[in-house]
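Before any comments, here is the structure.
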Amino acid sequence: MEDVFVVEGVKKSYGDSTVVDGVGFRIRKGEIYGLLGPNGAGKTTTISIVMGILQADSGKVEISGMPHGPREMRTKALLGFVPQQNALYEDLTARENLRFFARLYGLSGSVARERIEEVLTAVGLADRADDLVSSYSGGMARRTAIAAGLLNRPQGLVLDEPTAGVDPQSRNAILEHVRALADSGVAVLYSTHYMEEAERICDRVGILDDGRIRAEGTRRELVDTLGERDRVVLELDGAAADAARALEELPGVHTAVATENGVELDCDRGAELAPRIVRALADRGLELRSLTIHEPDLEAVFLHITGKALRG
Ligand SMILES: Nc1ncnc2c1ncn2[C@@H]1O[C@H](COP(=O)(O)OP(=O)(O)OP(=O)(O)O)[C@@H](O)[C@H]1O
Ligand SMILES: [Mg+2]
């Protein structure tokens with residue numbers, strides 16, 4: 001077992017409110033672990049504890065087999081961090097920012113120069129490195145922050161919502177960099193509230209809600225917990241409420257909800273049910289414009305487990 005991150009039973013309260021309530025997970029070398037949760041779920045607090053920025057009330061964190069916390073410099077040196085808010089000097093260039101961070105890591109001279117080139121290339125910013133950060137797009141600034149997190153060639157990289165507020169192209173570039181880093185052996189802790197991202201790059205996902213990991217596994221494992229349910233979306237010409245009432249009577253339909261332009265069903269095997277849905281509507285003279293079957297995804301899992309929708 002090459003666990004880089006071992007987190008067990010971590011708790012943190014502010015006054016009467018417990019914001020991280022017994023969180024634990026392990027992340028192996030080369031693995032991307034997604035912490036998926038809505039606003040206020042406790043992602044940043046968990047990450048601050050994992051980084052040793054914040055002291056947990058209880059629980060433990062180990063990095064590469066060594067105890068870790070705010071005073072453990074040896075393990076801190078093994079980690080790279082990309083905080084939720086970029087910590088960059090806008091009136092310096094990316095290269096100047098990286099020189100400053102390199103000095104904080106105790107890197108200087110030719111070693112620092114090499115590392116700076118290495119991380120600029122890794123995030124695809126080498127050709128813009130001498131422009132002021134204030135002239136960058138949100139995505140470029142984010143990539144500069146990621147470059148800073150890579151300067152010490154970390155064994156464990158922690159990214160707190162790295163693509164929030166970033167244009168789709170930069171977002172894609174960031175996701176690819178993170179995947180490539182993991183493929184080179186880095187263990188990655190990646191927080192997000194974007195389902196598609198979690199589905200696309202995370203090897204395993206922990207669903208965080210109200211300070212607790214409510215479910216954990218690969219996308220497949222999580223989706224399989226829902227069994228063979230599907231979400232079926234119907235577009236109708238009016239009479240959505242009548243249609244929903246009629247469809248809820250069908251065996252295999254668990255819930256039918258009238259929406260703005262049709263009905264949404266939570267049901268068993270949509271493909272088998274589709275002909276019966278069409279017939280039931282036709283029998284009542286209701287016109288069906290389209291029927292789409294959605295296989296369960298993380299969105300469905302999240303809704304099922306928490307009863308909430310993620311933002312974004
Ligand atoms: N210093 C603090 N004092 C009091 N409450 C705090 C403090 N820091 C965080 N909280 C509360 O803890 C909860 C979790 O916050 P946290 O920032 O960890 O969530 P998050 O999942 O990162 O949310 P977001 O997606 O908005 O970044 C929130 O209810 C927040 O208000
Ligand atoms: Mg946060």
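Ligands are counted one by one from 1 in listed order, and the atoms in each one are counted from 1 as well. Only a predicted model underlies this, so the values are computations on that prediction, with no experimental measurement involved.
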Those atoms of ligand 1 less than 4.0 Å from some heavy atom in V19: 11 (C), 12 (O), 13 (C)

N-O pairing of K11 and D57 below 4.0 Å: no

Residue E161 vicinity, atoms of ligand 1 by number, heavy atom under 4.0 Å: 24 (P), 25 (O), 27 (O)

I213 side chain near L35 side chain, heavy-atom distance below 4.5 Å: yes

Partner set under side chain to side chain contact (heavy atoms under 4.5 Å, CB included) for S184, not counting sequence neighbours: V186

ring-ring contact (aromatic ring centres under 6.0 Å, His included) involving F100 - partner list, sequence neighbours excluded: Y89

Ligand 1-proximal atoms of S17, by part, heavy-atom distance under 4.0 Å: neither

For T44, the ligand 1 atoms whose distance to one of its heavy atoms is below 4.0 Å: 17 (O), 18 (O), 20 (P), 22 (O), 27 (O)

Working for salt bridge (charged side-chain N to carboxylate O under 4.0 Å, His left out), residues D283 and R279: CA-CA 6 Å; D283 286 350; R279 215 173 311 128; over 6 Å; no

Whether H193 lies under 4.0 Å from ligand 1, heavy atom: no

Residues T44 and Q84: side-chain donor-acceptor under 3.5 angstrom: yes

Check: R115 side chain, L151 main-chain N or O, donor-acceptor pair, under 3.5 Å: yes

Close-contact set for ligand 1 against P38 heavy atoms, below 4.0 Å: 21 (O)

Under 2.8 Å from the Mg ion (ligand 2), the protein N, O or S atoms, given as residue and atom: T44 OG1, Q84 OE1

G37 near ligand 1 by a heavy-atom separation under 4.0 Å: no

Option with minimal heavy-atom separation from atom 18 (O) of ligand 1, where the choices are L208, T45, L54: T45

Modelled atom types, side-chain donor and acceptor of E161 and T192, under 3.5 Å: no

Polar contact flag for T46 and ligand 1 (N/O pairs, less than 3.5 Å): no

All pairs passing salt bridge (Lys or Arg N to Asp or Glu O under 4.0 Å) where residues 164-189 contributes a residue, at least two apart: R171-E196, R171-E197, R179-D183, R179-D203

D131-T93 side chain donor-acceptor pair, cut-off 3.5 Å: no

